[in-house]
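Have a look at the structure below, then the notes.
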Amino acid sequence: MSEIDLQDHVDLVIAEVARAEHSRDLDAIESAHKAKNSPVLAARRALGAVTDEEQRRELGRRIQGCSDAITAAIAARREELSAIEREASLASDALDLTEVLSSAGSFPSRRGHAHVVSKTRASLEDVFVAMGFTIKEGPEVETDWYNFEALNLPPGHPARDMYDTMYLDLGEAETVLMRTHTSPMQIHLLEEAVADQSLPLHVAIPGRCYRLDTPDARHLPVFHQVEGLVVDKGITFGDLAGVIETFTAAYFGPDIHSRLRPAYFPFTEPSAEFEITCTICRGEGCRTCSKTGWIELGGCGMIDPAVFDAVGIDATEWSGFAFGFGIDRCAQMRHSIADMRALIENDLRFSRQF
Ligand code: PHE
């Protein structure tokens, strides 16, 4: 190939390089350029036949110049093409997040919310705050003294059978336990009030309690109570009944009422169970209330003088009442939840109803 033809070849290749749309095309051009039968290599091979050394060297330089021109054109175009290809791949991989979020059907976003028991607890707190109570909390791990003994339930007292207790194994047997009710807070608050000379007291104490119960439609081994404690001068059983009725109407609605039935608790005297109109049948009588029209919500009574004694309060000067009832039971009655176990199963189809 003459020098002129070689220049034509270079021009052709460079034009081809410029037209390449894809780096694959450049690979093909490059391997043709490097192939043994390429015009440039053929020209180089032909150099051997040139006898004049000066001429041969000059020719060699030009052939090298042609080869370099082709290599440089390929490299430059390759750089351009890879930039373009990278852009294109980025554009095709990009996710349009706004499009996903706006097509609610394919990706619904739902807000979470508080559990129905937490909401119930908050509403109950609101009711008691409106009645002039202060909200307090207390420890879930208690000693036997606070949970039982100071509440007039000495070791071996038969009423302890009402509370299937979870004990903590901390060395000495059966002294530390998970509280079985919120009543130990009566003792803590009375002790505190004695120490600070801060009687009278009007407190509501919500919190978690524990009993070794097998879960069923109306019981959970971990449940919630609200304790009420009022200590003042001249407090009567009538005040207790009035507070319970006011709370019942405020939380459950004006057509739901309360009634008190004689009961026994070692830490109150007299004691009562309080019941409310069955919210399922509105008092007509149904399976849930065993046809009585009433549902038991908790216990209550006048503070037993033995409890005042245990903390050093003069029972001739002060009197008071206490009550305790289940928050989970309130949620169950208010929302007609047939089986309480649903509260802890974390089934979203259940949780989303409230
Ligand atoms: N603590 C009792 C219970 O859980 C309820 C109660 C509280 C009774 C306050 C009387 C006074 O069974």
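It should be emphasised that the depicted structure is a prediction, and the values quoted were computed from it without experimental measurement.
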Partner set under ring pair (Phe, Tyr, Trp, His ring centres under 6.0 Å) for [X], not counting sequence neighbours:
X	value
Tyr210	none
Phe308	none
Phe265	Phe267

Contacts of [X] that satisfy side chain to side chain donor-acceptor pair (under 3.5 Å) - sequence neighbours left out:
X	result
Asp52	none
Asn152	none
Gln55	none
Thr120	none

Is a donor from one side chain sitting under 3.5 angstrom from an acceptor on the other, for [X] and [Y]?
X	Y	answer
Asn147	Thr180	yes
Gln64	Arg44	yes
Ser23	Glu85	yes

Give a yes or no on whether the backbone of [Y] and the side-chain of [X] come within a donor-acceptor separation of less than 3.5 Å.
X	Y	value
Thr277	Ile256	no
Asp25	Glu21	yes
Glu269	Ile303	no
Ser67	Ile63	no
Arg261	Glu273	no

For the student: nearest non-hydrogen atoms of Cys300 and Thr268, plus distance: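 Nearest pair, atom of Cys300 first, then Thr268: O-OG1, 3.8 Å.
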
Pairs involving residues 121-147, ordered by first then second residue, that meet ring-ring contact (aromatic ring centres under 6.0 Å, His included) (sequence neighbours left out):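 ring-ring contact (aromatic ring centres under 6.0 Å, His included) check on residues 121-147 returns Phe128-Phe133, Phe128-Phe247, Phe128-Phe323, Tyr146-His188.
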
Residue pairs passing the ring-ring contact (aromatic ring centres under 6.0 Å, His included) test where at least one lies in residues 211-244, sequence neighbours excluded: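 Sorted result for residues 211-244: empty, none.
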
Non-neighbouring partners of Glu80 that pass side chain to side chain contact (heavy atoms under 4.5 Å, CB included), sequence neighbours left out: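 With neighbours one apart ignored, the set is Arg77.
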
All pairs passing side-chain hydrogen bond (donor to acceptor under 3.5 Å, both in side chains) where residues 192-205 contributes a residue, at least two apart: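 Residue pairs passing side-chain hydrogen bond (donor to acceptor under 3.5 Å, both in side chains), neighbours aside: none found.
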
With heavy-atom distances below 4.5 Å as the criterion, would you say the side chains of [X] and [Y] are in contact?
X	Y	result
Val40	Ile70	yes
Gln186	Leu151	yes
Leu220	Asp213	no

Arg121 and Leu124: CA distance, side-chain angles, deciding distance, side-chain contact (heavy atoms from CB on, under 4.5 Å) verdict: CA-CA 5 Å; Arg121 171 179 165 161; Leu124 292 171; 5.7 Å; no

Using residues 332-339 as the side-chain source, report each donor-acceptor pair under 3.5 Å to any protein atom, sequence neighbours left out, with the distance given to one decimal.
residue : atom : partner : partner atom : Å
Gln332  : NE2  : Ala217  : O            : 3.1
Gln332  : NE2  : Ile337  : O            : 3.0
Gln332  : NE2  : Ala338  : O            : 3.4
Arg334  : NH1  : Tyr251  : O            : 2.8
Asp339  : OD1  : Arg341  : N            : 2.9
Asp339  : OD1  : Arg341  : NE           : 3.0
Asp339  : OD2  : Arg341  : NE           : 3.2
Asp339  : OD2  : Arg341  : NH2          : 2.7

Connected via hydrophobic side-chain network under 4.5 Å: Leu201 and Ile235: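 No, because Leu201 and Ile235 fall into different hydrophobic clusters, even though each may have its own neighbours under 4.5 Å.
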
